[in-house]
Amino acid sequence: MIASTGSSGLYKAPFSKGLLLLPSALSILLAFLFQPQQSFFVYNLQAIKENFQVWNLIFGRLICLDLKDTFCSSLLIYNFRTLERRFGSRKFTSYLLGTWILSALFDILLVEAVEVFTGITLSTLPSGFLSPVFALFVPFYCSVPRVSLAHIFGWFPITNKTLVYIVGLQLLTSSPYMLVVAVSGLVSGLFYSKDVLNIGQLLCVPRWLAKVFSQTLEPIFSSVEPINEAHVGMGATVDIQRQQRIELLDQQIMLSQLSQFGRRRHDQVCLH
């Protein structure tokens, strides 16, 4: 899906593009070239609690050490780029920053709760920028419209959200302890979305800092506008119309991929 749309699919989503490229590249480098350095990025909660290695709480929650997690989280970030287009880069970045900080607290609380109620000690959790990715399911569910694309056997609907939920489920089942990270991310997303205790005002990117990044880093990660997008004249402004055209293009590509998959399945059945 990423390869099908190219970099133009990340138009008006520079932070998503940076978040898609940089952590993935570092994860691959650690997996193949710098394996001894992986220990710096292990999310070791026991070391945090017993040895007060607070730096582990930061580095352990940035880079995925499992390439399956890297792949799934990258697919999710790519699909969640529509949220950056809808909210703007500053609000989108603030949401990720806020949920990343909140989820660190909820990770510790959930691990303690698991130990108290089940007697199971979770010394490590899956590494990577995972909790904020799960947190993005909250605004994705609430603010992105559900559009029906096809039906399987005439009964099961396929929407523009179906594949995103499937990838999220795949990420959830990639590790026995991923459930803790997922619950932490979802709870953090609910807290931030509902602005509990004015968290949205406290944990946000300052305007001056957003302006600095927009002038320095945004040109590096910006993408060109798609030229083969369909015409849709529904929005009240040019930006809204452009966003609708891009989303329609993404939906058409997804529908095409689903149709190709269905034809391959049909051909396999016929051969047997």
Are Y177 and F117 connected into the same hydrophobic cluster when the rule is that any two of I, L, V, M, F, W, Y join if their side-chain heavy atoms are below 4.5 Å apart?
no
Specify the closest pair of heavy atoms between L130 and C64, including all atoms of both residues, with the distance to one decimal.
CD2-SG, 3.8 Å
4.5 Å side-chain heavy-atom contact, Q53 and N44
no
What are the two closest non-hydrogen atoms of P126 and Y43, and how far apart are they?
O-CD2, 3.8 Å
Measure the spacing between CG of L76 and CZ of F137 and express it to the nearest 0.5 Å.
4.5 Å
N/O donor to acceptor pairs below 3.5 angstrom from side-chain atoms of residues 32-41, sequence neighbours left out:
residue: Q35; atom: NE2; partner: A31; partner atom: O; Å: 2.8
residue: Q38; atom: NE2; partner: L30; partner atom: O; Å: 3.0
residue: S39; atom: OG; partner: P36; partner atom: O; Å: 3.4

How many angstroms lie between atom CZ of F15 and atom CG of L83, to the nearest 0.5 angstrom?
13.0 Å
Stepwise, does the side chain to side chain contact (heavy atoms under 4.5 Å, CB included) test hold for V144 with V164?
CA-CA 12 Å; V144 177; V164 179; over 6 Å; no
Should I120 and I108 be counted in the same cluster of Ile, Leu, Val, Met, Phe, Trp and Tyr side chains packed under 4.5 Å apart?
yes
Please report the shortest heavy-atom distance between R146 and P157, naming the atom on each side.
NH2-CG, 3.7 Å
How far apart are the closest heavy atoms of S174 and M178, and which atoms are they?
OG-CE, 3.5 Å
Flag, side chain of K68 to backbone of Q170, donor-acceptor distance under 3.5 Å:
no
Any sub-3.5 Å donor-acceptor pair from T216's side-chain atoms to V212's backbone N or O?
yes
Decide side chain to side chain contact (heavy atoms under 4.5 Å, CB included) for R61 and D107; before the verdict, give the C-alpha distance in whole Å, the side-chain angles of both, and the deciding distance to 0.1 Å.
CA-CA 11 Å; R61 304 174 66 246; D107 283 349; 3.7 Å; yes
Give a yes or no on whether I77 and L26 share a hydrophobic cluster (residues Ile, Leu, Val, Met, Phe, Trp, Tyr; joining criterion: side-chain heavy atoms under 4.5 Å apart).
yes
Does the side chain of S193 reach to within under 4.5 Å of the side chain of Y95, using non-hydrogen atoms?
yes
Ring centers of F191, F106 separated by less than 6.0 Å
yes
Any L203 side-chain heavy atom under 4.5 Å of W100 side chain:
no
Can you check whether Y192 reaches C204 side chain to side chain, under 4.5 Å on heavy atoms?
yes
Do the side chains of L202 and I199 get nearer than 4.5 Å, heavy atoms only?
no
Of all the heavy-atom pairs spanning A135 and G185, show the shortest one and how long it is.
CB-O, 3.1 Å
Do F92 and W208 belong together in a cluster built from hydrophobic side chains that touch within less than 4.5 Å?
yes
So how far is it from S16 OG to L20 CG, rounded to the nearest 0.5 Å?
8.0 Å
Atom OH of residue position Y141 - does it have more than 12 heavy atoms of other residues, nucleotides or ligands inside 6.0 Å?
no
Between I166 and L163, is there a side-chain heavy-atom distance shorter than 4.5 Å?
yes
Considering residues, nucleotides and ligands other than K49, do more than 12 of their heavy atoms fall under 6.0 Å from its NZ?
yes
Using the rule that two of Ile, Leu, Val, Met, Phe, Trp, Tyr join whenever any of their side-chain heavy atoms come within less than 4.5 Å, decide whether L21 and F80 are in one cluster.
no
Count the heavy atoms belonging to other residues, nucleotides or ligands that lie under 6.0 Å from CZ of F87, then report whether that count exceeds 12.
yes
Validation row: T99, S131 side chains within 4.5 angstrom (heavy atoms):
no
Residues that S24 engages under side-chain contact (heavy atoms from CB on, under 4.5 Å), provided they are two or more places apart
T70, S74
When rounded to the nearest 0.5 Å, the distance separating CG of L22 from NZ of K17 is 11.0 Å
Side chain to side chain contact (heavy atoms under 4.5 Å, CB included) assessment of L122 paired with L45:
CA-CA 8 Å; L122 304 180; L45 289 173; 5.5 Å; no
Using a 3.5 Å distance criterion without hydrogens, assess whether the side chain of S94 forms a donor-acceptor pair with backbone atoms of V205.
yes
Could you please spell out the steps behind the side chain to side chain contact (heavy atoms under 4.5 Å, CB included) verdict for T93 and L96?
CA-CA 5 Å; T93 307; L96 289 175; 5.7 Å; no
For T121, check side-chain contact (heavy atoms from CB on, under 4.5 Å) against everything at least two apart and list the hits.
E115
Just so I know, are the side chains of L97 and I101 near enough to count as touching, which here means a heavy-atom distance under 4.5 Å?
yes
State, to 0.1 Å, how close G200 and D195 come at their nearest heavy-atom pair, and which atoms those are.
N-OD1, 2.7 Å
Rounded to the nearest 0.5 Å, how far apart are OG of S214 and CZ of R90?
11.0 Å
Rounded to the nearest 0.5 Å, what's the gap from CG on N79 to CZ on R81? Could you check?
6.0 Å
